[in-house]
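Scroll down for the structure; my scribbles are underneath it.
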Amino acid sequence: MEKLVLDACCGSRMFWFDKEDPRALFMDKRSEILTAKDSSCKSGLRTIEVKPDLIADFTEMPFENNKFNMVVFDPPHLKTLGKTSWMAKKYGRLENDWQEMISKGFDEC
């Protein structure tokens, strides 16, 4: 099936009802399984799985222009998180050059 939608920074696919939707290509710059402390879970730990179809950076995507019908662009948007915090692991975090990074991402998308 042709991939119609690109999720340019999919993370753990929280945006999606169907996290395996065959019409979407899931891309992220990381692929990892993490655990984080979470008091809302019975075990006290939460597992965060980032498992993209393609590992690539949204600031330099390996596609021709107009390849997808739609691009989902939900980049990291928090900058005051500790590097090991649950939210940083789940959502990613902005670095000091975040304005340039987000601008490049919008240009690519």
Side-chain angles (χ1 to χ4, degrees):
M1 172 181 278
E2 182 182 4
K3 302 294 185 177
L4 303 174
V5 177
L6 171 66
D7 188 340
C9 32
C10 68
S12 60
R13 305 184 186 187
M14 293 172 292
F15 179 86
W16 295 85
F17 175 73
D18 180 356
K19 296 180 185 329
E20 301 297 326
D21 193 317
R23 298 168 295 178
L25 178 66
F26 298 97
M27 184 179 96
D28 205 288
K29 70 178 187 178
R30 60 189 178 135
S31 179
E32 56 192 350
I33 297 175
L34 305 159
T35 57
K37 291 181 182 179
D38 186 349
S39 61
S40 69
C41 293
K42 192 172 189 175
S43 69
L45 292 174
R46 178 180 297 267
T47 300
I48 302 161
E49 184 174 7
V50 178
K51 188 176 137 189
D53 299 323
L54 174 68
I55 297 176
D57 191 316
F58 66 73
T59 63
E60 293 185 48
M61 292 192 265
F63 308 111
E64 296 175 19
N65 289 342
N66 302 312
K67 172 141 178 80
F68 299 94
N69 292 2
M70 184 174 84
V71 176
V72 174
F73 184 52
D74 184 19
H77 50 273
L78 301 167
K79 62 181 182 176
T80 59
L81 301 173
K83 289 184 179 184
T84 60
S85 75
W86 176 85
M87 288 190 57
K89 289 178 180 182
K90 186 171 183 175
Y91 298 110
R93 62 191 290 273
L94 295 173
E95 299 296 331
N96 292 335
D97 67 342
W98 68 268
Q99 292 100 332
E100 181 181 349
M101 179 188 69
I102 297 296
S103 180
K104 284 181 179 179
F106 273 112
D107 288 346
E108 281 292 288
C109 289

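Just the heavy atoms: all of them, side chains too, but no hydrogens, waters or symmetry mates, feed the values below.
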Interatomic spacing from [atom1] in [X] to [atom2] in [Y] - rounded to 0.5 Å:
| X | Y | atom1 | atom2 | result |
| --- | --- | --- | --- | --- |
| R93 | K79 | CZ | NZ | 11.5 Å |
| M70 | D7 | CE | CG | 8.5 Å |
| I48 | M14 | CD1 | CE | 8.5 Å |
| T35 | L45 | OG1 | CG | 5.5 Å |
| S12 | I33 | OG | CD1 | 11.5 Å |
| D57 | M27 | CG | CE | 7.0 Å |

Does [atom1] belonging to [X] count more than 12 external heavy atoms closer than 6.0 Å?
| X | atom1 | result |
| --- | --- | --- |
| R30 | CZ | yes |
| F15 | CZ | no |
| K67 | NZ | no |
| K51 | NZ | no |

For W16, ring pair (Phe, Tyr, Trp, His ring centres under 6.0 Å) partners two or more places apart | F26

Are the side chains of [Y] and [X] in contact, using a 4.5 Å heavy-atom criterion?
| X | Y | answer |
| --- | --- | --- |
| F63 | L25 | yes |
| K29 | F58 | no |
| P52 | V50 | yes |

Sidechain N-carboxylate O distance under 4.0 Å for R13, E49 = no

Taking all atoms of both residues into account, what is the closest heavy-atom pair of G92 and P76, and its distance?
-> C-CB, 3.9 Å

Taking every heavy atom of D53 against every heavy atom of A24, the minimum-distance pair comes out as OD2-O, 3.8 Å

For residues 96-109, tabulate all N or O donor-acceptor pairs below 3.5 Å that involve a side-chain atom, not counting sequence neighbours.
unit_1: E100; atom_1: OE2; unit_2: K104; atom_2: NZ; d: 3.4
unit_1: E108; atom_1: OE1; unit_2: M61; atom_2: N; d: 2.7

Under a single-linkage definition using a 4.5 Å side-chain heavy-atom cutoff for Ile, Leu, Val, Met, Phe, Trp and Tyr, are L81 and Y91 assigned to the same hydrophobic cluster?
-> yes

Going hydrophobic residue to hydrophobic residue with side-chain gaps under 4.5 angstrom, can you get from F73 over to L94?
-> yes

